[in-house]
4 protein chains.
Amino acid sequence: MNAPENKPQPRWARRKDARPEEIIAAALELFVERGFASTRLDDVAARAGVSKGTLYLYFTNKEDLFKAVVRGNILPVLQYGEDLVTQYSGTSADLVRKLVRGWWEMTGSTKIAGIPKLVIAEAGNFPDLAKFYYDEVILRAHSMFRRVLQRGADAGEFREVDIDHLVHVALAPLVMLAVWGHSFACCEEQKLHPLRYLDAYLDMLLHSLQKPQAEEKKHARKRN
Amino acid sequence: MNAPENKPQPRWARRKDARPEEIIAAALELFVERGFASTRLDDVAARAGVSKGTLYLYFTNKEDLFKAVVRGNILPVLQYGEDLVTQYSGTSADLVRKLVRGWWEMTGSTKIAGIPKLVIAEAGNFPDLAKFYYDEVILRAHSMFRRVLQRGADAGEFREVDIDHLVHVALAPLVMLAVWGHSFACCEEQKLHPLRYLDAYLDMLLHSLQKPQAEEKKHARKRN
Amino acid sequence: MNAPENKPQPRWARRKDARPEEIIAAALELFVERGFASTRLDDVAARAGVSKGTLYLYFTNKEDLFKAVVRGNILPVLQYGEDLVTQYSGTSADLVRKLVRGWWEMTGSTKIAGIPKLVIAEAGNFPDLAKFYYDEVILRAHSMFRRVLQRGADAGEFREVDIDHLVHVALAPLVMLAVWGHSFACCEEQKLHPLRYLDAYLDMLLHSLQKPQAEEKKHARKRN
Amino acid sequence: MNAPENKPQPRWARRKDARPEEIIAAALELFVERGFASTRLDDVAARAGVSKGTLYLYFTNKEDLFKAVVRGNILPVLQYGEDLVTQYSGTSADLVRKLVRGWWEMTGSTKIAGIPKLVIAEAGNFPDLAKFYYDEVILRAHSMFRRVLQRGADAGEFREVDIDHLVHVALAPLVMLAVWGHSFACCEEQKLHPLRYLDAYLDMLLHSLQKPQAEEKKHARKRN
DNA sequence: TATGAATGAGGATTCATTCAT
DNA sequence: TATGAATGAATCCTCATTCAT
């Protein structure tokens, strides 16, 4: 206890700051595993190592905790992508590849990937959560991806397409990959290989954006 | 009661057989609107015009009813697609277009489109339902789509791709369109236009399958 | 079971009609004994001989049950008094005596006497119940008593007083007697004798309404 | 912390002694506003400007605090009346008037008037509090009022009545006035005017105690 | 003394399920 | 078959109370 291990903060004060995040982490796991309705707050408390009552010190009710789980986990991952898009200087195709693979490593392959399923499942029951997710996550993600497509089109790298709708379409396979991992993945006898799935996805998407060869050559020349 | 026998209660006799289907129809609506856990059997019974007890004459419990809803609604739509693939004689690109637009009209734009969301949401809680859906719906849909891609490749119409994974990828936007309509659609200020979404999807998919021009020409010649 | 005891109604149907009243009766006892907050619905159910869930078939929630208890028990007793006032043909003093003694027998000495205490105690927490009680019970009781005083004044039997305020004042000892029985009665070593209390009350009230002797004589003459 | 010692925290020293009374004052307000069960100690602490834990330094539990509120507020008001009765030299009717109006100013019109309602409401749940209140408040008040009536009777000013019961009866309107202000007062559209109520009360009470005129004259003569 | 984070027993409420009719 | 009254297990949430600091 009095060991020189650098433990300057009293255990309690530190706990107080850490508690909400510990609870959110526990709740994320359980909500992802079981869904909103089937998750008992007893279990969340137990997994977070606190008592039931403690939950209510930090969250008004189950719904509030649910929203905190979504907001707390999902927003940080958007910033990364937006920054990347802003800073990137290579080809737009490479940017797409980098974004997709980055998303997989930071989100798609983690517990956070369970959130889209959660939000989709509960959108009807929590309209304001759905609205939040739509405004803060979906619109931002669409906006980011639209910038990438526009960037490629402006540079003459991508062909002209219906960008507004393609954004919707092109993000769907990523969302589905995340959803899949928390729904049917465990039913598969021959497991889906996420990286091959992503390769096939990138192959499809980038092929579909490629200009007809004639123009492509012009573009290639310009770039040099 | 003591009335003469010339009224064999025709309406009733008919209803008796129809009961399970009426219940399933009512349950479909409510499950789609509210999700599994939030749907009360009271309401299902009320909407089906029967008493709560009657539900238990036809379904052993809520879970059983849920499964019946899924099974009863989802299987019929697959047959149509499979038959089409078998019989179709035009180009594979046209077959893809026809399948996609047919799916939209028969399924994507109907209440049935709510089922994928439901199954995804409850997959964790009903593993055997998920397994059923995976085996009977997803695998069959994948298989059907795989045949189409293979058909195009065999005919030299489509370029060579990783068909196994592309099937997964290529179906995702359709599933997501169905899911979208039952999750975030009501949050949108500028509503997604499903037919344009499908156009963008087909445009993307078919472009990505196109052979490079050189080969394309060969193919075009062959086709003529 | 098949005994010839005249039990013509099926037990269930009869129960359904009787249930709300059985529950209200049980709830009255417990609310009176323990107050609103300290009464557990478990106990109400047990005393009514039903399960907890059954309460919710008949009452929306605890508050609703509470209100039903008050409304169901208190309104019937008012009618008696109002009818008596309307029909009575003797002196107003005798009418007062009859009303007071009737109230004691029908209400003051029964469980119903616990209700004023209840309503007083919970008025702050249930403003609409208080409003109901004020409108439907207090105002009606005041109105009835005002008619009696006015009747006596009109007949020259009672002296002129500030009737509006006297009504309030004069009913207070009756309310207090009811309240007393459910609050301090059990603390007394020498028990309050309700009938003597009522005698003292009537003596005080009627004396205070008596005209000065001179006028009294005139009145007496008139009456003959 | 390491500041020079010239600051003996005067404010704190003062507060330390005042704490229990500040808590009691805060608790009185809340108990009166909401009743015992609906008052949260959180709120008491907040209103008293202390932490929840601090309450337990001064009171063993909620019940103890409740009792302290009652005892601390109700006893002081009795002494005034008892002293007045002992010292008063005017007519007994005037003494009654003086007592009643004094009570209104010192108690009936203040927050303290909420206590009778509280005690009545919780008498069943806190028998020892009820006993305390009965012994220390009600019996003393009765005793005091009995002395006044006896004083009037002994002086030949009041007629002979059943003093023991009249004491009960005669105090009831005062208690009810206090209770009224904390129960139905807020329901009234035409507010009760307390001073007129008290006038009507005194008028009734003193009239009822008046001797028949013949004797009254004798008494008047004696007094001169 | 004073704090306030943490506790957990307690109670209202819901709803799938049963079963007497 | 059909009903719907009744059940009671399950779970959210509250808040008086404790105790490490």
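Proteins get letters first, then strands, A, B, ... in listed order; numbering begins at 1 in each.
Look at CZ on Phe36(A): it is 13 Å from P on dT11(F), rounded to the nearest Å. Taking atom CD on Glu22(A) and atom C1' on dA6(E), their separation rounds to 13 Å, with Å as the unit. Protein atom CG of Leu55(D) is 12 Å distant from nucleotide atom P of dG4(E), rounded to whole Å. Put simply, CZ on Arg40(A) is 12 Å from C1' on dC12(F), counting in whole angstrom units. At whole-Å resolution of the value, CZ in Arg34(D) and P in dC15(F) are 10 Å apart. Between Tyr58(D) atom OH and dA16(F) atom C1' there is a gap of 20 Å when expressed in whole angstrom units. Straight-line distance from the OH atom of Tyr56(B) to the P atom of dC19(E): 12 Å, rounded to whole Å. One atom, CZ of Phe59(C), and another, P of dA6(F), lie 12 Å apart when rounded to the nearest Å.
Across all strands shown, dA2(E) forms a Watson-Crick or G-U wobble pair with dT21(F), both key distances being under 3.5 Å. Taking a pair to require two hydrogen-bonding distances under 3.5 Å in either a Watson-Crick or a G-U wobble arrangement, dG8(E) pairs with dC15(F).
If you check every strand for non-hydrogen atoms under 4.0 Å, Thr39(B) touches sugar and phosphate atoms only. Residue Leu41(C) is classed as a sugar-phosphate contact, given heavy-atom separations below 4.0 Å to backbone atoms only.
Summary of the strand contacts: Gly53(A) and Asp42(B) both lie near DNA chain E, and taking for each the nucleotide with the nearest heavy atom, the more 5' one is attributed to Gly53(A). Mapping Glu63(A) and Asn61(D) onto DNA chain F by nearest heavy atom places Glu63(A) closer to the 5' end of the strand.
Note on Ser51(A): every side-chain N or O is 4.0 Å or more away from OP1 and OP2 of dG8(E).
Judged by distance alone, the side chain of Lys111(D) and the main-chain N or O of Glu29(D) form no donor-acceptor pair under 3.5 Å. With hydrogens and angles ignored, the 3.5 Å screen pairs no side-chain donor or acceptor of Lys52(A) with any backbone N or O of Asp42(A). Of the possible polar contacts, one joining the Thr39(B) side chain to the Leu30(B) backbone as a donor-acceptor pair under 3.5 Å is found.
Counting atom types as modelled, Lys52(B) pairs a side-chain N or O with a base atom of dT17(E) as donor and acceptor under 3.5 Å.
Geometric assessment of Lys62(D) against the ring of Phe36(D) yields a positive cation-pi assignment under the 6.0 Å and 45° thresholds. A cation-pi arrangement is found for Arg71(C) relative to Phe132(C), the charged atom lying closer than 6.0 Å to the ring centre and inside a 45° cone about the ring normal.
Distance from the side chain of Thr54(B) is smallest to dT3(F) among dT3(E), dA6(E), dT3(F).
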